[in-house]
Number of protein chains: 2
Amino acid sequence: MKDNNDMPGHLARRFQQIAVAVFLAEVGDAGFDLTPVQYAALATIKANPGLDQVTLAGLIAYDRTTITGVIDRLVQKGLAERRASRRDRRARELEITDEGRRTLRKITPAVESAQRIMLRGLSAKEGSDLMRLLHKAIAAGNELSRAPLRQAQA
Amino acid sequence: MKDNNDMPGHLARRFQQIAVAVFLAEVGDAGFDLTPVQYAALATIKANPGLDQVTLAGLIAYDRTTITGVIDRLVQKGLAERRASRRDRRARELEITDEGRRTLRKITPAVESAQRIMLRGLSAKEGSDLMRLLHKAIAAGNELSRAPLRQAQA
DNA sequence: TACTGATAGTCAGCATACTGAGCAATATCC
DNA sequence: GGATATTGCTCAGTATGCTGACTATCAGTA
């Protein structure tokens, strides 16, 4: 019988499980309380000031129903702000706060360290091969999840 | 600034996200209502009759607090049984039911199809390379998550 | 045997993710 | 311009996954 461990789906789950654990450990050791999901959202808000929630969700491939809670928590921690848009009264414009900027800056070494640790079993070449193959598989499957990656509008 | 999409952690999350979506779509189209997590648990119970929950958790790298709910749902669907062990009154022995066996058999083509689809952007060689590299990274990081993979006792 | 530590399982609480539904506002089309 | 479709967001419900705590039981030892 085919072992679970030979299935790409199982390996995907396991790698993600380790990646999250490593991220939380490194960031926690650095004295911060931020999840991988919250970090990606905050970094993307900083890089795209004033973007709305749907655009943010598209840029990091989150479901729109998930992003609501993520932003709730960023706002509650004082790292981001959510205000009504005047162009489109359905939309919310997102901004990073000074506190959010400070947190991002201070947390960066821990985040980079985490990325290294989750690849620590691989050589540099193997690591970049893995990234390239994941990229390629993800690009081909982008439309298969409810929350595909979307480029920002010009 | 470094893009989220260049971080292994983000790629891990995205690949897993697509893998789950593909699995649910294929299995759903085949007329079954089983998650990837439930499938792996059921297949492992079938392969190791009478095992206890902690052993099952170790074999598929689930947290022991997660497995409780997963088994609850397998039992509720009539696919598995949970009964008290006589050797150790703390433990529960798990068995697959006939219904569970039938379901596993009928669901297998959809599961295999899902594994192919999530690698559809890759050549055969690229697919096996990806699996090998994931394996290696996971092996090196096994102890970093709260729910590491464990071999069954002899 | 009494004590100590470890183990099996569960539970409460929190954070992703998703399905599906709904509301309000905007776009589109005739 | 008015009906229709679409879009932005939220909510309820379900399923992982985790932290941390707790109970019951078992194992080892003094």
Side-chain angles (χ1 to χ4, degrees), chain A residues 9-10 12-14 16-25 28 33-41 51-58 60-74 76-77 82-94 144-148 150 153, chain B residues 9-10 12-14 16-25 28 33-41 51-58 60-74 76-77 82-94 144-148 150 153:
Chain A
H10 188 78
R13 176 188 159 281
R14 187 82 186 98
Q16 149 79 354
Q17 181 183 43
I18 290 169
V20 171
V22 168
F23 185 101
L24 291 177
D33 172 33
L34 209 64
T35 66
V37 161
Q38 290 164 16
Y39 170 80
L51 85 174
D52 63 294
Q53 295 187 191
V54 167
T55 304
L56 171 59
I60 48 186
Y62 291 8
D63 193 276
R64 69 185 190 286
T65 63
T66 300
I67 212 103
T68 297
V70 174
I71 296 173
D72 282 350
R73 286 179 281 280
L74 287 177
Q76 207 217 323
K77 289 176 183 177
R82 171 160 47 190
R83 41 169 184 278
S85 164
R86 259 172 304 177
R87 289 176 295 98
D88 185 338
R89 286 190 310 179
R90 292 169 301 180
R92 309 279 185 274
E93 288 179 359
L94 305 173
L144 300 179
S145 78
R146 168 162 139 162
R150 297 280 180 233
Q153 301 303 318
Chain B
H10 188 78
R13 177 188 159 282
R14 186 83 186 98
Q16 149 78 355
Q17 181 182 41
I18 291 169
V20 171
V22 168
F23 185 101
L24 292 176
D33 171 33
L34 210 65
T35 66
V37 161
Q38 290 164 16
Y39 170 81
L51 84 174
D52 63 293
Q53 296 186 191
V54 166
T55 303
L56 171 59
I60 47 186
Y62 291 8
D63 193 277
R64 68 184 194 288
T65 64
T66 300
I67 212 103
T68 297
V70 174
I71 297 173
D72 283 350
R73 287 180 280 278
L74 287 177
Q76 205 217 323
K77 289 177 183 176
R82 172 157 49 188
R83 42 171 185 276
S85 164
R86 260 172 303 178
R87 290 175 296 98
D88 184 339
R89 286 189 311 176
R90 294 169 302 180
R92 309 277 186 274
E93 288 178 358
L94 305 173
L144 301 179
S145 78
R146 170 162 139 162
R150 298 279 181 232
Q153 302 302 318

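In this text, all values refer to a predicted model and were calculated from it rather than measured experimentally. We name chains A, B, ... by the order of the sequence lines, and we start the count at 1 in each one.
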The criterion is salt bridge (Lys or Arg N to Asp or Glu O under 4.0 Å); which residues satisfy it with B:R83, sequence neighbours excluded? B:E81, B:E95
Once salt bridge (Lys or Arg N to Asp or Glu O under 4.0 Å) is applied, do any residues pair with A:R90, and if so which ones, sequence neighbours excluded?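 With neighbours one apart ignored, the set is A:D88.
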Tell me every residue that passes side chain to side chain contact (heavy atoms under 4.5 Å, CB included) with A:V20, counting only those two or more places apart in sequence or in another chain.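 A:Q16, A:L24, A:P36.
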For a quick check of understanding: with a heavy-atom distance under 4.0 Å over all strands, which category does [X] fall into, base, sugar-phosphate or nothing?
X     : value
A:E93 : nothing
B:R64 : base
B:A21 : nothing
A:S85 : nothing
B:D52 : sugar-phosphate

Give me, pair by pair, the N or O atoms of the protein and of nucleotides 26-28 of chain D that are less than 3.5 Å apart, along with how far apart they are.
{"residue": "D:dC26", "atom": "OP1", "partner": "B:R89", "partner atom": "N", "Å": "2.9"}

In whole Å, I'd like the distance from the [atom1] atom of [X] to the [atom2] atom of [N].
X     : N      : atom1 : atom2 : answer
B:Y62 : D:dA15 : OH    : C1'   : 12 Å
A:I71 : D:dC11 : CD1   : P     : 13 Å
A:D63 : D:dC9  : CG    : P     : 13 Å
A:L51 : D:dG8  : CG    : P     : 12 Å
A:L24 : D:dC18 : CG    : C1'   : 9 Å

Can you sort out the partners of [X] under side chain to side chain donor-acceptor pair (under 3.5 Å), two or more places apart, ordered by chain and number?
X     : value
A:D72 : A:R82
B:Q17 : B:R14
A:R89 : none
B:T66 : none

The side chain of A:Q17 lies closest to which of these nucleotides: D:dG17, D:dT19, D:dT10?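 Selected nucleotide: D:dG17.
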Would you say A:V70 and A:T35 make side-chain contact, with heavy atoms under 4.5 Å?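 Not in contact.
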D:dT16, OP1 or OP2 - any side-chain N/O from B:T35 closer than 4.0 Å?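 Result: yes.
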Less than 4.0 angstrom between a side-chain N/O of B:R146 and OP1 or OP2 of D:dG17, yes or no?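 No.
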For A:Q38 and for B:D72, find the nucleotide of DNA chain C with the closest heavy atom, then tell me which residue's nucleotide is more 5'.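 With A:Q38 and B:D72 compared, the 5'-side residue is B:D72.
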So, taking the atom named CD1 in A:I18 and the one named CZ in A:R13, what distance separates them when rounded to the nearest 0.5 Å? 9.5 Å
What range of DNA chain C does chain A touch, first nucleotide to last, counting atoms under 4.0 Å from its heavy atoms?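 So the outermost contacting nucleotides come out as C:dA15 to C:dT26.
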